[in-house]
Amino acid sequence: MLVLDVNYKNIAIDEKENKSRSIITILAKENSKKKEIQWEDFWPYYYAVVSDKKQAKKEIENVNTEEYSIKKIEEVKKDNAEKVLKLVFATTQGLAKSREEIKELPSVIELREHDIPFAKRFLIDYAVEPLNCAKITKDKIEKIDCEPKLKMLAIDIETLAPERFPDPKKDQILTVSIVDEKEATVLSSKEIKNAKFVKSFKDEKSMLTELINTIKKKNPDILLTYNGDGFDIPYLRERCRELGIKFAIGIDDSEPKAVTKGLTKAFRIEGMQHIDVYAMLTLLAKLAVVNLVKFDLESVVEVILNEKKEKIPSKSITEMWQNGSSLEKLARYNLEDSIATYKIAKKYLTLIIELCRLVKLTPFDVVRASASTLVESLLFRKAFEKNILIPNKPSEEEVSTRIETTYEGGYVKEPKKGLHERIAVLDFSSLHPTIIITHNISPETINCGHKECKEKNTAPNGVYFCTKKKGFVPETIEELFFRRMKIKKMLKEKSKDSKEYEVLNARQHALKIILNSFYGYLGYARSRWYSREAASAITAFSRKYVKFVGQEAEKLGFEFLYGDTDSAFLAIPEGKSKQDIIKFVENINAKLPGVMQLELEGFYKRGIFVTKKSDEKAAKKRYALIDEEGNLKIVGFEYVRRDWAPIAKKTQRKVIEAILKEGNPAKAVKIVRNVINKLKSGAVKKEDLVILTQIKKSLSSYEAIGPSVAAAKKAIARGKHIGIGSVIGYIITRRGKSISERAEMEEFVKEGDYDAEYYINNQVIPAVIKIMNELGYSKDDLIHGGKQKTLGSYW
DNA sequence: TAATTCGCTAGACCGA
DNA sequence: TCGGTCTAGCGAA
């Protein structure tokens with residue numbers, strides 16, 4: 001049986017006395033049939049840490065147990081607290097209401113685990129893995145690993161938007177696209193001829209009725225939308241109400257329900273998992289699974305699916321609809337959105353499944369979670385297994401004080417500037433997790449009092465960690481770490497295009513994501529397992545280890561060029577070989593404690609470090625390398641930044657290529673001079689001039705009005721809608737004094753209308769000058785031509 | 001509305 | 001109009 005969802009509901013247990021209870025419901029699928037299982041023997045509960053168990057019990061019995069639906073008060077044993085009572089309730093409402101009064105009772109010190117949602121509580125206590133199979137008997141749920149066959153259905157709507165953001169009270173839904181593995185259909189509320197994929201209806205109401213029927217009939221396990229939480233689902237619900245029908249797509253004929261998630265709402269649909277692919281992608285971007293900054297479907301499709309998708313602005317959609325022209329194009333556009341949504345979801349489904357299983361959250365929750373929620377959810381289960389009480393969330397005051405004091409991070413070495421040859425890059429694999437495991441770093445192992453631990457396991461920041469008893473965090477991480485190693489080993493024997501490989505790879509990826517999140521979680525102010533000392537000790541150890549590698553390398557005659565947090569860049573001098581590096585790594589590994597491990601990331605033929613703009617020191621976090629196959633690795637430079645114009649980025653890349661690949665700085669000069677001339681001639685295309693910047697707060701709250709904000713304000717004055725999080729693409733034109741005054745959003749700029757001086761002096765030259773400086777060229781040489789040099793004189 | 005710190009750069013802002 | 005300081009954004013790890 002495949003577990004699709006766990007939820008709870010309130011049911012009457014005694015109609016006469018008006019008594020009810022909260023009961024867990026499991027939505028499972030067997031032989032492609034969904035069914036709901038009610039779990040009788042599980043009740044809402046929390047713990048109270050008390051000063052005297054008998055006394056506290058009495059006090060609790062004296063409150064209105066009826067109102068709070070208190071069922072039972074049990075004495076329980078927990079490994080990290082002395083006197084603990086477990087309070088069991090009939091309803092979640094009773095539980096919630098009781099907290100205020102219970103926590104104030106004289107013998108009650110504090111409540112614990114009082115804010116764990118009931119369904120989540122069940123997932124923890126029974127170790128239920130959503131999207132995995134299970135054998136469900138009366139009192140047990142036994143996990144059985146399986147490959148779930150999930151039926152997904154993507155929907156997307158187009159609406160009327162006459163000169164305003166669409167309003168479901170007024171603006172009708174024009175078309176709806178529905179896509180699954182087999183079918184791709186558009187429903188239209190007006191006849192669209194000559195389009196096979198369109199089903200036309202006489203009006204909006206009959207179209208929406210068909211949509212509801214189709215969803216019910218297809219009965220998917222997963223309903224996919226793109227920003228369905230923010231738009232499609234509430235719009236459909238409102239619009240249906242407006243038309244006097246019910247958007248009853250739940251398996252129990254209920255409408256989608258809004259669930260508050262932070263500031264925004266998520267829409268839950270009974271009987272299926274609503275995955276908002278937009279939410280999913282913001283999570284995957286935060287977890288560094290995908291590299292996305294713009295989340296509109298067109299940008300996303302380009303990056304993830306490597307496809308081009310045309311955007312039709314809402315204004316044009318309204319026009320097309322009203323004119324009755326190009327309706328087929330409109331329908332196709334609508335269809336493509338659903339297809340894209342479906343494809344993206346499919347691409348990451350395996351990873352999402354593995355994350356659900358690992359942290360024991362439903363896909364609905366996982367895709368809308370944050371890194372901290374994922375880590376915390378996993379720790380909840382571990383705490384249950386280890387029989388320890390989960391720490392409470394910190395109060396707001398506590399959060400503020402935590403934020404006030406920060407701690408020192410990783411070590412970044414100032415690089416040796418200039419061109420270098422024969423570079424080996426070494427890095428620690430899983431640096432933070434391995435430090436945590438090796439040194440047993442956990443909130444509760446700090447300064448344990450043992451003399452021996454202090455002597456043997458003190459971090460460079462002065463705190464030490466117990467060596468006698470494994471900590472909660474390191475024990476958890478260690479288990480995940482070794483599980484991942486094992487999977488990675490298995491992967492080597494699988495064929496890369498097999499399903500097995502895909503699943504195992506997703507599994508190790510999920511583990512990696514969680515492993516990498518623990519360190520940040522320990523230093524995160526709202527964390528339940530917060531420990532600044534622990535987080536600070538981790539970075540202190542990291543600095544020590546990286547410096548150690550650098551020092552040992554120099555002792556052997558390698559040059560320690562650069563290092564950042566977990567890496568060491570070494571130059572291999574004449575007379576030393578790659579083999580010596582391999583030996584060096586082996587030697588270091590023999591000296592490293594615990595599971596610490598240094599790896600050879602790769603060899604590079606050449607590399608360049610440049611000076612900062614502000615002074616003559618070499619810049620950290622910016623360098624370029626070329627490997628033996630001629631592959632460039634450009635880090636930190638303008639080339640990788642989106643807030644630089646493509647003309648500057650492309651030129652920089654070409655310059656780096658000419659120098660590292662061909663060793664031909666004269667060619668680099670030529671490239672730059674050509675670009676300058678082209679800019680001057682006015683022939684550079686708009687698309688090469690656009691600078692992208694995100695608007696991160698409300699436009700009114702900016703103290704300094706930079707070009708992006710200025711451009712956005714002007715665009716708003718022209719009627720454009722720009723919200724927080726919008727990415728502004730602007731061009732510097734010739735109209736105005738300051739740069740901000742001259743900035744205009746791309747769509748309001750004509751081809752050729754740009755400020756060549758700006759793009760030469762503020763974009764192209766700054767992007768290449770520091771690189772050319774290292775080769776002996778000045779700004780003048782770039783602008784006026786001049787000396788010819790070859791790299792020969794340097795090597 | 002929520003993993004961390006370190007670091008670079010641009011351009012506005014502000015006072016002289 | 002200058003130079004220093006501050007705000008802001010983005011990237012590396």
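Chain naming here is simple, since letters A, B, ... match the order of the sequence lines and numbering starts at 1 in each. Because the structure is predicted, anything quoted here is derived from the model rather than measured.
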With [X] via ring-ring contact (aromatic ring centres under 6.0 Å, His included) - residues at least two apart:
X        : answer
A/Tyr562 : A/Phe569, A/Phe609, A/Tyr623
A/His432 : A/Tyr519
A/Tyr278 : A/Tyr226
A/Phe558 : A/Phe584

A/Lys416: partners by salt bridge (Lys or Arg N to Asp or Glu O under 4.0 Å), with sequence neighbours left out: A/Glu554, A/Glu559
Which residues share a salt bridge (Lys or Arg N to Asp or Glu O under 4.0 Å) with A/Glu302, sequence neighbours left out: A/Lys308
N/O (side chain, A/Ser372) to phosphate O (OP1/OP2, B/dA3) under 4.0 Å: yes
Where at least one partner belongs to residues 536-545 of chain A, residue pairs that pass salt bridge (charged side-chain N to carboxylate O under 4.0 Å, His left out), sequence neighbours excluded: A/Glu408-A/Arg543
Sequence neighbours excluded - salt bridge (charged side-chain N to carboxylate O under 4.0 Å, His left out) pairs with any residue from residues 279-290 of chain A: none
Would you mind classifying the nucleic acid contact of [X] as base, sugar-phosphate or nothing, using non-hydrogen atoms under 4.0 angstrom?
X        : value
A/Gly520 : base
A/Lys697 : sugar-phosphate
A/Tyr702 : sugar-phosphate
A/Thr693 : sugar-phosphate
A/Phe518 : nothing

Listing time: all N or O pairs from protein to nucleotides 9-13 of chain B that are below 3.5 Å?
| from | atom 1 | to | atom 2 | distance (Å) |
| --- | --- | --- | --- | --- |
| B/dT9 | OP1 | A/Lys613 | N | 3.3 |
| B/dT9 | OP2 | A/Lys613 | N | 3.0 |
| B/dA10 | OP1 | A/Lys613 | NZ | 3.2 |
| B/dA10 | OP2 | A/Lys613 | NZ | 3.2 |
| B/dG11 | OP1 | A/Tyr758 | OH | 2.5 |
| B/dG11 | OP2 | A/Asn762 | ND2 | 3.1 |
| B/dA12 | OP1 | A/Ser740 | N | 2.8 |
| B/dA12 | OP1 | A/Ser740 | OG | 2.8 |
| B/dC13 | OP1 | A/Ile705 | N | 3.3 |

First and last nucleotide of DNA chain C, 5' to 3', lying under 4.0 Å from heavy atoms of chain A: C/dT7 to C/dA13
Return all side-chain donor-acceptor pairs below 3.5 angstrom for residues 723-736 of chain A, not counting sequence neighbours, or 'none' if the list is empty.
| from | atom 1 | to | atom 2 | distance (Å) |
| --- | --- | --- | --- | --- |
| A/Ser726 | OG | A/Gly723 | N | 3.0 |
| A/Ser726 | OG | A/Gly723 | O | 2.6 |
| A/Thr733 | OG1 | A/Arg735 | N | 3.3 |
| A/Thr733 | OG1 | A/Arg742 | O | 2.9 |
| A/Arg734 | NH1 | A/Tyr754 | O | 2.8 |
| A/Arg735 | NH1 | A/Asp753 | OD2 | 2.3 |

For DNA chain B, the residues among residues 523-537 of chain A that have a non-hydrogen atom under 4.0 Å from it: A/Gly523, A/Tyr524, A/Arg526
A/Ser377 and A/Lys120 side chains, donor-acceptor separation under 3.5 Å: yes
